[in-house]
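Only a predicted model underlies this, so the values are computations on that prediction, with no experimental measurement involved. Computed from heavy atoms alone, side chains included, the values below leave out hydrogens, waters and symmetry copies. In this chain, residues are counted from 1 in sequence order.
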Amino acid sequence: MYKLAVFGNPINHSLSPIIHTQFAEQTGVKISYEKILAPVDDFISSATDFINNGTNGFNITVPFKLDAFKLATKLTLNAKTAKAVNTIKIDGDKLIGENTDGAGLVNDLTNNLNIDLKGKIILVLGAGGATQGILLPLLNQQPRRVMIANRTAIKASKLKHDFAKYGKTCGFGLEKIKHNPVDIIINATSASLDGKMPDIAKGCANGAICYDLMYGQQTPFMNWSKANNAKMTVDGLGMLVEQAAISFEFWTGKKPDTKSVIDSLRS
Ligand code: NDP
């Protein structure tokens, strides 16, 4: 029996227990997977209690990914470059920190949506934790360029410098986005959570694939994309399931089928 959990605050809305229970049924692995609401200012005590009671690992969601990065005693390359951890595996006395968000996004784009990222111009909106997690896996797909645009321009410039060694990047403020169409726009801002759309030039959506990391509803970004002639408009549910699948395999060694889980959550 694998004893697993997800930590967050809030955590009630989390779909992770449903997703991991379906993975466990498919693969014949026995798991318990609970949601744990940690105090905003004391994730470390909650996580330490859970670890001391015997666990195989856990997921970490908003707002604790940075705390989990500090808690981990060993980091994968993804976690190190993202400077954030969403998955911890207990291995003897080691806490191995991984970040599966970016690989989850890439798997959704390439396997589920059949989009080849090689040679593409990708515009990423936002420069927060999610963007930090997706940049390396995106650059590993050898796009022509990844443009990072953020409301606070300096954060985008910093990420451009941090990730320049992995591929062609540029970073600037949202107001610098031109009307020239790009191949793919990824909304990695949290604007949709507030019912808002980042203020950007409309022309860049023309013929583009537009992907919002947020899931569960028609977001303002998705509505904006459709109104501005996007080729395809997608939410982040597939990414959520794909990042969970990578965590599940990281803990159990078993690779679950994701398509059936995505279909069941969409129905
Ligand atoms: P952060 O709080 O770390 O970063 C938020 C970013 O959004 C910043 O770049 C901020 O800009 C920008 N922003 C916020 N409001 C606006 C606005 N009104 N206009 C323009 N820019 C805005 O959040 P995360 O990076 O952790 O998360 C971003 C999104 O990704 C969330 O919606 C989250 O739910 C989603 N997500 C989805 C996952 C999935 O599996 N589908 C996985 C991980 C995240 P500034 O720097 O100027 O403040």
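At least one donor-acceptor pair under 3.5 Å links the side chain of T219 to the backbone N or O of M222. Between the side chain of K35 and the main chain of N12, a donor-acceptor pair closer than 3.5 Å is present. Side-chain atoms of W224 never come within 3.5 Å of backbone atoms of K202 as a donor-acceptor pair (strictly under, hydrogens ignored). Side-chain atoms of S267 come within 3.5 Å of backbone atoms of S264 as a donor-acceptor pair (strictly under, hydrogens ignored). Looking at N187, its side chain never comes within 3.5 Å of a backbone N or O of F221 through a donor-acceptor pair. At distances below 3.5 Å, at least one donor-acceptor pair connects side-chain atoms of S157 with backbone N or O atoms of A153. The backbone N or O of F163 lies less than 3.5 Å from no partner atom in the side chain of T169, so there is not a single donor-acceptor pair. T152 places no side-chain N or O within donor-acceptor distance of the main-chain N or O of I154, the cut-off being under 3.5 Å.
Atoms CD and OG1, on E34 and T55 in that order, are 8.5 Å from each other to the nearest 0.5 Å. Here the straight-line distance linking atom CG of N180 with atom CG of L123 works out to 11.0 Å at 0.5 Å rounding. Residue L75 holds its CG atom at 6.5 Å from NZ of K80, rounded to the nearest 0.5 Å. To the nearest 0.5 angstrom, S14 atom OG is 8.0 Å from N59 atom CG. One finds the CG atom of D183 at 10.0 Å from the CG atom of L117 (value rounded to the nearest 0.5 Å). Interatomic distance, OG1 of T233 versus CD1 of I209, reported as 10.0 Å (0.5 Å rounding).
Tested against Q22 for a side chain to side chain contact (heavy atoms under 4.5 Å, CB included), the candidates T27, V261, T258, V241 yield a single pass: V261.
Look at D162 and K158 and you find a salt bridge, because one of the NZ, NE, NH1 or NH2 atoms lies within 4.0 Å of a carboxylate O, short of that distance. Looking at K74 and D91, no side-chain N of the basic residue comes within less than 4.0 Å of a carboxylate O on the acidic one, giving no salt bridge.
When every heavy atom of S247 is checked against every heavy atom of T100, the shortest pair comes out as OG-OG1, 3.5 Å. Closest approach of V182 and A208 over heavy atoms only: O-CB, 3.3 Å. For the residue pair C170 and R145, the shortest heavy atom distance occurs at SG-CD, 3.8 Å. Taking both residues in full, the closest heavy atoms of I31 and A24 are given as CG1-CB, 3.6 Å, listed atom of the first, atom of the second, then distance. Closest of all the heavy-atom pairs between G238 and I262 is CA-CD1, 3.8 Å. Closest of all the heavy-atom pairs between L159 and Q132 is CD2-CG, 3.8 Å.
Inter-residue side-chain proximity for N140 and V106 is flagged as unmet; no heavy-atom pair is nearer than 4.5 Å. Counting heavy atoms from C-beta outward, I36 and I11 have side chains that stay 4.5 Å or more apart. Using a 4.5 Å heavy-atom threshold, the side chains of N150 and L125 count as separate. Looking at heavy atoms from C-beta onward, L71 lies out of side-chain contact with I60 at the 4.5 angstrom threshold. Using a 4.5 Å cut-off on side-chain heavy atoms (C-beta onward), S190 and M214 make no contact. Side chains of T189 and R151 form no contact here, defined as non-hydrogen atoms less than 4.5 Å apart. Between W251 and L4 there is a side-chain heavy-atom pair separated by less than 4.5 Å. Inter-residue side-chain proximity for V85 and L66 is flagged as unmet; no heavy-atom pair is nearer than 4.5 Å.
Between the side chains of S192 and D212, at least one donor-acceptor pair of N or O atoms lies under 3.5 Å. Side chain to side chain, S46 and D49 fail the donor-acceptor criterion of an N or O pair below 3.5 Å. Between the side chains of D101 and N86, a donor-acceptor pair is found at a separation under 3.5 Å. A donor-acceptor contact closer than 3.5 angstrom is absent between the side chains of K120 and Q141. Side-chain contact, Y211 with D235: no donor N or O sits under 3.5 Å from an acceptor N or O. For the residue pair E98/T87, the side-chain donor-acceptor check at 3.5 Å is not satisfied. Side-chain atoms of T76 and N78 form no donor-acceptor pair, as typed in the model, at a separation below 3.5 Å. Neither side chain, Q243 nor D108, offers a donor N or O lying under 3.5 Å from an acceptor on the other.
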(request) List the steps and the verdict of side chain to side chain contact (heavy atoms under 4.5 Å, CB included) for N206 and N229. (result) CA-CA 5 Å; N206 198 359; N229 303 318; 3.4 Å; yes
(request) Please assess I148 against L135 for the test side chain to side chain contact (heavy atoms under 4.5 Å, CB included), listing each intermediate value before the final yes or no. (result) CA-CA 9 Å; I148 309 155; L135 284 175; 3.9 Å; yes
(request) Output, in order, the C-alpha distance, side-chain angles, deciding distance and verdict of side chain to side chain contact (heavy atoms under 4.5 Å, CB included) for I90 and I51. (result) CA-CA 8 Å; I90 316 292; I51 294 165; 4.2 Å; yes
(message) T110 vs N114, test: side chain to side chain contact (heavy atoms under 4.5 Å, CB included). Steps then yes/no.
(response) CA-CA 5 Å; T110 58; N114 293 320; over 6 Å; no
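Under a hydrophobic-cluster definition in which Ile, Leu, Val, Met, Phe, Trp and Tyr are linked whenever side-chain heavy atoms come within less than 4.5 Å, directly or via other members, L237 and L113 are assigned to different clusters. In the hydrophobic cluster analysis, where Ile, Leu, Val, Met, Phe, Trp and Tyr join through side-chain heavy atoms closer than 4.5 angstrom, M232 is grouped together with L138. Clustering ILVMFWY residues whenever any of their side-chain heavy atoms sit less than 4.5 angstrom apart, transitively, puts V124 in a cluster other than the one holding L174. Note: the hydrophobic cluster containing V146 also contains Y166 (ILVMFWY, side chain heavy atoms under 4.5 Å, direct or indirect links). The hydrophobic clustering, which links ILVMFWY residues whose side-chain heavy atoms are closer than 4.5 Å, places I121 and L139 apart.
Applying the 6.0 Å contact sphere to CD1 of I44 captures more than 12 heavy atoms from other residues, nucleotides or ligands. Summarising the local packing, CG of D263 is surrounded by more than 12 heavy atoms from other residues, nucleotides or ligands at distances under 6.0 Å. Applying the 6.0 Å contact sphere to NZ of K226 captures more than 12 heavy atoms from other residues, nucleotides or ligands. Within a 6.0 Å sphere centred on NZ of K168, heavy atoms belonging to other residues, nucleotides or ligands number 12 at most. Other residues, nucleotides and ligands place more than 12 heavy atoms under 6.0 Å from the CZ atom of R266.
Cation-pi geometry between K89 and F250 is met: under 6.0 angstrom from the ring centre, within 45 degrees of the axis.
For F23 and F248, the distance between ring centers is under 6.0 angstrom.
Using bins of under 30°, 30° to 60° and over 60° for the plane-to-plane angle, the ring pair F50/F58 lands in the perpendicular bin.
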